[in-house]
Amino acid sequence: MDKKGQKHGTYSFETKKKAIEMRLQGMTKQKVAEALGIEDISRLKIWMRRFKQMGDYGLMDHRGKRKKYIDENRYVKRLELENAVLKKWLAITKAEVYQRSIGLSTSSVKALTLQSSVKK
């Protein structure tokens, strides 16, 4: 367990990757730590969890500001998803405003929304 103010050693990506490979081959955490000079054995558990969740990307150092987003594909997919959600929200909002302005029923608004989406 970490204590307040405790300093951790920093390890390179290659060291982390080697530790993961050794663990996957069946070595114990203690032996891996001794072989690679890792002081805190619990770091291995954290590295394993991050590796299982995010692959090699999880082992990279993410501290500090990045000039370029490391994983561009994931970033682009997130932006595309955001755009799709915003477009749906805009269509719903427009339909509600139009409905209030002319006093149409809900079924009429749905029909108008379907017609406008078919025309595009």
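- Of the inter-residue distances, the one linking Leu59 atom CG with Tyr57 atom OH reads 12.0 Å to the nearest 0.5 angstrom.
- Closest heavy-atom contact between Met27 and Arg23: O-NH1, 2.7 Å.
- Annotation: Lys17, atom NZ; neighbour count of heavy atoms from other residues, nucleotides and ligands within 6.0 Å is above 12.
- Note: the hydrophobic cluster containing Leu24 also contains Met22 (ILVMFWY, side chain heavy atoms under 4.5 Å, direct or indirect links).
- Within the model, atoms NZ of Lys16 and CZ of Arg43 stand 8.0 Å from one another, a figure rounded to the nearest 0.5 Å.
- Among all heavy-atom pairs drawn from Leu36 and Thr15, the shortest one is CD1-O, 3.9 Å.
- The minimum heavy-atom distance linking Ala33 with Leu44 is given by the pair N-CD1, 4.2 Å.
- Leu86 pairs by the side chain to side chain contact (heavy atoms under 4.5 Å, CB included) definition with nothing, not counting sequence neighbours.
- Rounded to the nearest 0.5 Å, atoms OG1 (Thr93) and NZ (Lys88) are 14.0 Å apart.
- When each of Ile92, Val97, Leu90 is checked for a side-chain contact (heavy atoms from CB on, under 4.5 Å) with Lys94, only Leu90 meets the rule.
- Rounded to the nearest 0.5 Å, atoms CD (Gln99) and CD (Glu96) are 7.5 Å apart.
- Arg50 and Gly58 get closest at one heavy-atom pair: CD-O, 3.5 Å.
- The two residues Tyr11 and Glu39 have their closest heavy-atom pair at OH-N, 3.2 Å.
- In the hydrophobic clustering of ILVMFWY residues, with side-chain heavy atoms under 4.5 Å counting as a link, Val76 and Val85 come out apart.
- Side-chain atoms of Gln25 and Glu21 include no donor-acceptor pair closer than 3.5 Å.
- Residues that satisfy the side chain to side chain donor-acceptor pair (under 3.5 Å) test with Lys18, not counting sequence neighbours, are absent from this structure.
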